[in-house]
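We use all heavy atoms of the structure for the numbers below, so side chains are in, but hydrogens, waters and symmetry mates are not. Values in this document were obtained by computation on a predicted structure and should not be read as measured data.
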Amino acid sequence: MWRKRTIGWLIISLTGFVLLLARLMQIQLVETETFSKHNVNLLEESVKQRTQELVIDNGRGNFLDRNGTMLTHKKVSVLVLFPFLKKMDWEADKVADITGIPVNFLNSAVEGAKKPFAYGDPEPMELTSSQMEKINALKIPGVFAIEKKFERRDVPAEQLLGLTGENAKELQKRYPNKDLSEKTLIGVSGLEESFDEFLLPEGKSKLVYHVDGGGAPLFGINVKYVDPANPFYPVNVRTTIDKSLQQKAEELVDKYQIKKGGLVLLDIQDNSVLAMVSRPTINKKDPYNGAGITNVMLKQQIMGSVFKTVVAAASIDQNLDDPTRMFDCSKKINGKPELKYNYGMLNFTDSFARSCNRTFGELARELQKKNPNLLEDYAAKLSLTGSVGWQGDIYHTSNFKQLPDEDKGRVFVSDEARKDSNFAAMSGIGQHEVRATPLAIANMMATIARGGQKEMVRAVSKIEYKNGTTMVNFDPKDLKGDTISPYTAMKLQKLLREVVLNPNGTGRWFKDLPYEVAGKSGTAETGKFVNGQQLHNKWFAGYFPYQNPKYALVAVNLDVPDNAGGVNLLFADMVKMLYEKGNGTE
């Protein structure tokens, strides 16, 4: 009996030993690079336990403004110190003489360090090129002057550019055939997401040294520089943003306390985004908590009287703009007396300048009787109801979209509304179901300024390899579909200018600006109430200079009381700033 038990335990022990040995062989010989469901590379992890490193560049591609300035990151020349210096007499006095940092500060920083660091991090001291040369000439082991990439704390155009983050599941879903670390950053919003495949890192640039269990140098004090050594990566995505304009635009939006809204500034010549500001801002500590991550400039909004531009275009083509015809602007759309905005009898041009609801409600009804689709047709001609962001086939990607989060606009959502004259009247003044994005409205103004030439809006002009050569060009492209005629565009240009020139026009505030402005105001009822008071969307959309258009600009303040200001002042100050910049007075 005792013998049988002994043999049984021996068999169990041998079986366990064999299984354990098999498992160890599996781990150490078979699954060394793909251990567990997380595909952990055991070889790399074992090396990491014996190394300390300072990442100089994480290898992800960069965003540049149109002039080549980095937007999301900055490269700073810094002093790098390694922890093993505490075990050496390392001539801190010579480094102190060059940098001006007291010797005791340098020694104290090294004494408290467990990993290599840039002196002063997270706000590292920036070295001059001369200081860098002198420090590196000392050839002190563990002391380096290098250019390191840092993330900017205040990223301009943050919603347009977007965010990155770690997400192992999404990484595997997007790139099942790529050998990428679970820690690889991927784009989760904005241009970071749409250009993610191009921005993926080939590897990190870093300074590395090996240590023993106590943190002492394992193979002497030699520090190794590790670099992917690929002359083509990381790439640079050159946006159309002008960093200085973007920063000033953000300052003005905040100056006029735009809590929800912002602005879009387009370069009319190449139909590209010069500046785009969206508020609220992103919560840096918790980006997905709140509405800050949403780019409001790409989301459909109620536009109010700005839509009268579309009604005017249709009316011109349908010969409903008879200059001798008078409209009774002492009445509301429903025929009741207009007490607040009683303008009396006005012709077509003055009705547009003063934004008479009665006139455009009547015209919308007449257009609807002619053809229930006319309002939608002209909204499409002026690019309000489709996507306006650049899209097309590039590289190995078909139908690539620079702005995939962009909403499409609309005029009606049902056939019933389309055929109802009362709904048509409300739509004619930009209410009821009418929606468009601020970007699309800016593009409408640019289209009119160009005489009816309708183009896609670019936020990125090209992708460049690391060595400066071009990988992909995003050339200007026409938007598909019908557009307005040059004649209609000319008539709209005059109407938009009259909004400013007319002594009673809704844009008369802009008459004395250094650039001649043409544009249209809008105040839209939102149907939202706070303390019994309805909230409104406040707009001004236009272009300038009138005779030689350079810029299209939309400023909007959303969900605010009817008496809220800010939009007109914001628009005016942007015009002044652009004039001063263009004439070299800054």
Closest heavy-atom contact between [X] and [Y]?
| X | Y | value |
| --- | --- | --- |
| S355 | T506 | CB-CG2, 4.0 Å |
| Q246 | P156 | CG-CB, 3.7 Å |
| M132 | E147 | CE-N, 4.1 Å |
| V188 | Y288 | CG2-OH, 2.8 Å |
| F360 | I429 | CB-CG2, 4.4 Å |
| A446 | N271 | CB-OD1, 3.6 Å |

| said: The test is side chain to side chain contact (heavy atoms under 4.5 Å, CB included); show your working for L200 and L180 and say whether it passes. | reply: CA-CA 9 Å; L200 288 174; L180 297 168; 4.2 Å; yes

Say you draw a straight line from [atom1] of [X] to [atom2] of [Y]; how long is it, rounded to the nearest 0.5 Å?
| X | Y | atom1 | atom2 | result |
| --- | --- | --- | --- | --- |
| T184 | N167 | OG1 | CG | 11.5 Å |
| E251 | Y256 | CD | OH | 12.0 Å |
| T72 | K149 | OG1 | NZ | 7.0 Å |
| L191 | L160 | CG | CG | 4.5 Å |
| Q301 | L558 | CD | CG | 4.5 Å |
| K466 | E464 | NZ | CD | 14.0 Å |

Any side-chain heavy-atom pair of [X] and [Y] under 4.5 Å:
| X | Y | value |
| --- | --- | --- |
| H536 | E525 | yes |
| V226 | L207 | no |
| N467 | F232 | yes |
| T309 | F352 | yes |
| M444 | I448 | yes |
| L496 | M445 | yes |
| P124 | F117 | no |
| E250 | D154 | no |

Contacts of T385 meeting side-chain contact (heavy atoms from CB on, under 4.5 Å) (sequence neighbours excluded), chain-then-number -> A379, A380, V411

Would you call [X] and [Y] a salt bridge, using N to O less than 4.0 angstrom?
| X | Y | result |
| --- | --- | --- |
| E516 | R497 | yes |
| D559 | K259 | no |
| D407 | R435 | no |
| R66 | D242 | no |
| E197 | K178 | no |
| K284 | E158 | yes |
| D562 | K538 | yes |

Give a yes or no answer on whether the side chain of [X] reaches the backbone of [Y] with a donor-acceptor pair at less than 3.5 Å.
| X | Y | result |
| --- | --- | --- |
| K299 | D405 | yes |
| S521 | G507 | no |
| W390 | F400 | no |
| E406 | V388 | yes |
| N236 | R238 | no |
| T69 | D65 | no |
| Q269 | K550 | no |
| S461 | T240 | no |
| R152 | L71 | yes |

Verify side chain to side chain contact (heavy atoms under 4.5 Å, CB included) between L384 and M303, making sure each step is shown before the conclusion.
CA-CA 11 Å; L384 290 189; M303 74 188 83; 4.2 Å; yes

Assess K520 against F307: is NZ or CZ under 6.0 Å from the centre of the six-membered ring, and within 45 degrees of the ring's axis?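 Negative - K520 is either too far from the ring of F307 or too far off its axis.
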
Original post:
Taking the six-membered ring of Y378 as reference, does the NZ or CZ atom of K381 fall below 6.0 Å from its centre and within a 45° cone about the axis?
Top reply: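 Positive - K381 is close enough to the ring of Y378 and near enough to its axis.
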
With a cut-off of 6.0 Å (strictly less than), are more than 12 heavy atoms of other residues, nucleotides or ligands near [atom1] of [X]?
| X | atom1 | answer |
| --- | --- | --- |
| K134 | NZ | no |
| K204 | NZ | no |
| E166 | CD | yes |
| N67 | CG | yes |
| K477 | NZ | yes |

If the plane angle is over 60° it's perpendicular, under 30° parallel, otherwise tilted; pick one for Y233 and Y465.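 If you compare the ring of Y233 with that of Y465, the planes turn out perpendicular.
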
Residue set satisfying side chain to side chain donor-acceptor pair (under 3.5 Å) with Q431, at least two apart, ordered chain then number -> none

Are K454 and D482 close enough, and set up right, to give a salt bridge (Lys or Arg N to Asp or Glu O under 4.0 Å), and what steps lead you there? CA-CA 9 Å; K454 191 167 65 171; D482 294 337; over 6 Å; no

- Message: Can you confirm if the aromatic rings of F510 and F540 lie within a centre distance of less than 6.0 Å?
- Response: yes

Does the gap between the ring centers of F195 and F474 come in under 6.0 Å?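 Distance test on ring centres: under 6.0 Å, yes.
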
When Y546, F571, F544 are each screened for ring pair (Phe, Tyr, Trp, His ring centres under 6.0 Å) with Y551, the one that passes is F544

- Between K494 and T349, does a side chain to side chain contact (heavy atoms under 4.5 Å, CB included) hold up when you go through it step by step? CA-CA 9 Å; K494 291 181 178 179; T349 299; over 6 Å; no

message: As a quick check of understanding, evaluate side chain to side chain contact (heavy atoms under 4.5 Å, CB included) for V264 and L553, giving each step before the final call.
response: CA-CA 6 Å; V264 178; L553 174 64; over 6 Å; no

ask   = Can you pull the salt bridge (charged side-chain N to carboxylate O under 4.0 Å, His left out) pairs that have at least one residue in residues 301-315, sequence neighbours excluded?
value =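 Pairs touching residues 301-315 that pass the test: none.
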
Can you confirm whether the side chains of S205 and D227 place a donor and an acceptor under 3.5 Å from each other?
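Judged by distance alone, the side chains do pair up.
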
Are E192 and R60 close enough, and set up right, to give a salt bridge (Lys or Arg N to Asp or Glu O under 4.0 Å), and what steps lead you there?
CA-CA 10 Å; E192 289 277 14; R60 185 170 175 84; 3.0 Å; yes

